[in-house]
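To start, the structure under review is shown below, and the notes come after it.
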There are 2 protein chains.
Amino acid sequence: MPALARKSAPTDRPPAGRAAVRALRAAPRADNRVNDVLAAAARLFREKGYAFTSMRDIASGAGMLAGSLYYHFASKEGLLVAVYAEGVGRITAAVDAAASAPAADPWQRLEQVCAAHLEALLEASDYAQVVIRVRPDDVPEVAAQLTALRDAYEKVFSRAIAALPLDGRADRRALKLMLLGALNWSQTWYRPGRDSPRTLARRFVRLLRESAAA
Amino acid sequence: MPALARKSAPTDRPPAGRAAVRALRAAPRADNRVNDVLAAAARLFREKGYAFTSMRDIASGAGMLAGSLYYHFASKEGLLVAVYAEGVGRITAAVDAAASAPAADPWQRLEQVCAAHLEALLEASDYAQVVIRVRPDDVPEVAAQLTALRDAYEKVFSRAIAALPLDGRADRRALKLMLLGALNWSQTWYRPGRDSPRTLARRFVRLLRESAAA
DNA sequence: GTGCAAAACAAACGGTTGTTAGGTATGATC
DNA sequence: GATCATACCTAACAACCGTTTGTTTTGCAC
């Protein structure tokens, strides 16, 4: 329910040609299809990318016409922000749960966190995959919003790294960048049915925990 | 000089409406502007991405008109393949040079390789940056060509990892995926003027070489 | 069951897209 | 200096883009 993407209601119609955001709105009907629209958009943005997905594609995926989308969202960019926010929300929820589950030690907890991140990213959710696939700077007008959402999530991840028992010289920032980069890039080479997200998370964390050198 | 992207010459014109590849072509003139076109395309693909760059953008960047591009390239996709190939070539050249430079040990050699990879990726070349920025599956019709080019490069990288002295249980494949992922993803957070590619390479390799755990 | 806003449809808008066809200037080759 | 392919320009094509407008249907509150 992304209020920020909503347009004004007919009673409060703005001057023609200008999209406006609404402050108050009557209760939505039970049969509205915002969720179908979001789901269709998430699926298409993930499959084809933002640029190669047209509003007509999304509309037809949700079983309606292109113009109707503008009742729920002010623009294509607004729709992307809504999908992106939902995606960040889902990743955050999954990772939060993994971070507060019982673990033998901070390293195992980090492994759980990585596994949850990877699962969301690779298999669980179209929304989550959009967060990784769509570059904020592809859409300059909302890029700031998108990066803000992403940064907020990364703090959850940082916390798991802050809890690690490292020796004094260790570089936690580099560790976070390296791990998160490796995880996010996996979207380009991952193929379902091979190594599971959980397995990959274990391998990556082990590489950092135990020295690879002989 | 991407022969595969060339269109047929007027003397060998194919049926209208069909693009064709040419086998033989007379010597190109010295004053042609293919390189300007490639450079403009590389710059724009890097800045705005493939989808958001129009043929008119590229043409104007090279100081000519959109239609003229089709004398040199059969399609927008063909132009992308040419840029991509040049990008892979440049990364490979830089990394090859780093790999054959003198090094104290295999780990230092790997660090040199990573630094060269990062420099190409983050600063040196528009062409190289396109290779990381543009997803092959964004352009289904040439995706296979693009991934083939990318895979060919990764073998150079794998060789540097194969030379590492690791203990028996170590997972070289995971190590390669992790390192390459971390390096490639850096394009999303790297800002010039902060840590140099060389510094980042040193940090990442050290995290793998020496255990981070206390 | 009447009233009213929610939520959709239907049809178009101006603009941009990749691409093509035909014409023309230019530099090299003989 | 004539010839001819190279390398561009000019102008258009049909298709598609995101978005707007006016109208119609439909669920819900009273």
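In what follows, every chain begins at residue 1, and chains take the letters A, B, ... in the order their sequences are listed.
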Nearest-nucleotide check on DNA chain C, A:Arg29 vs B:Asp57; residue mapping nearer the 5' end is A:Arg29
Classify A:Ser54 by what it touches in the nucleic acid, base, sugar-phosphate, or nothing, heavy-atom distance under 4.0 Å. sugar-phosphate
Quickly work out the A:Asp36 CG to C:dA6 P distance and round it to whole Å. 19 Å
Test salt bridge (charged side-chain N to carboxylate O under 4.0 Å, His left out) on A:Arg90 and A:Glu86 and set out the steps. CA-CA 6 Å; A:Arg90 295 200 183 192; A:Glu86 176 67 25; 2.8 Å; yes
Report yes or no: does B:Thr199 contribute a side-chain atom to a donor-acceptor pair with the main-chain N or O of B:Asp195 at less than 3.5 Å? no
Round to a whole Å and report the spacing from CZ of B:Phe73 to P of C:dG18. 15 Å
Without decimals, in angstroms, what is the distance between B:Leu65 CG and C:dG23 C1'? 14 Å
Nearest-Å distance, CG (B:Leu79) to P (C:dT17)? 15 Å
So, OP1 or OP2 of D:dA7: does either fall under 4.0 Å of a side-chain N or O from B:Arg33? no
Any B:Arg56 side-chain N or O less than 4.0 Å from OP1/OP2 of C:dT16: no
Considering just the side-chain nitrogens and oxygens of B:Tyr71, establish if one lies under 4.0 Å of OP1 or OP2 belonging to D:dA7. yes
Separation of D:dG18 atom P from A:Leu80 atom CG, nearest Å, is 12 Å
Atom pair distance, as rounded to whole Å: CZ in A:Phe52 and P in D:dC16: 15 Å
Does C:dA8 have OP1 or OP2 under 4.0 Å away from a side-chain N or O of A:His72? yes
If you define the side chain from C-beta out and look only at heavy atoms, does anything of A:Arg206 sit under 4.5 Å from A:Glu111? no
Nearest of C:dC9, D:dT19, C:dG18 to any side-chain atom of B:Lys76? C:dG18
What integer distance in Å separates A:Met55:CE from C:dT17:C1'? 18 Å
Would you kindly give the CG-to-P distance between A:Leu69 and C:dA10, to the nearest whole Å? 14 Å
D:dA7 phosphate, OP1 or OP2: any side-chain N/O from B:Asn32 under 4.0 angstrom? yes
Does a side-chain N or O from A:Tyr70 land closer than 4.0 Å to OP1 or OP2 of D:dT19, or not? yes
Residues A:Asp138 and B:Arg133 bridged, charged N to O under 4.0 Å: yes
Applying salt bridge (charged side-chain N to carboxylate O under 4.0 Å, His left out) to B:Arg43 and B:Asp57, what does each step give before you reach the verdict? CA-CA 11 Å; B:Arg43 185 176 54 85; B:Asp57 291 338; over 6 Å; no
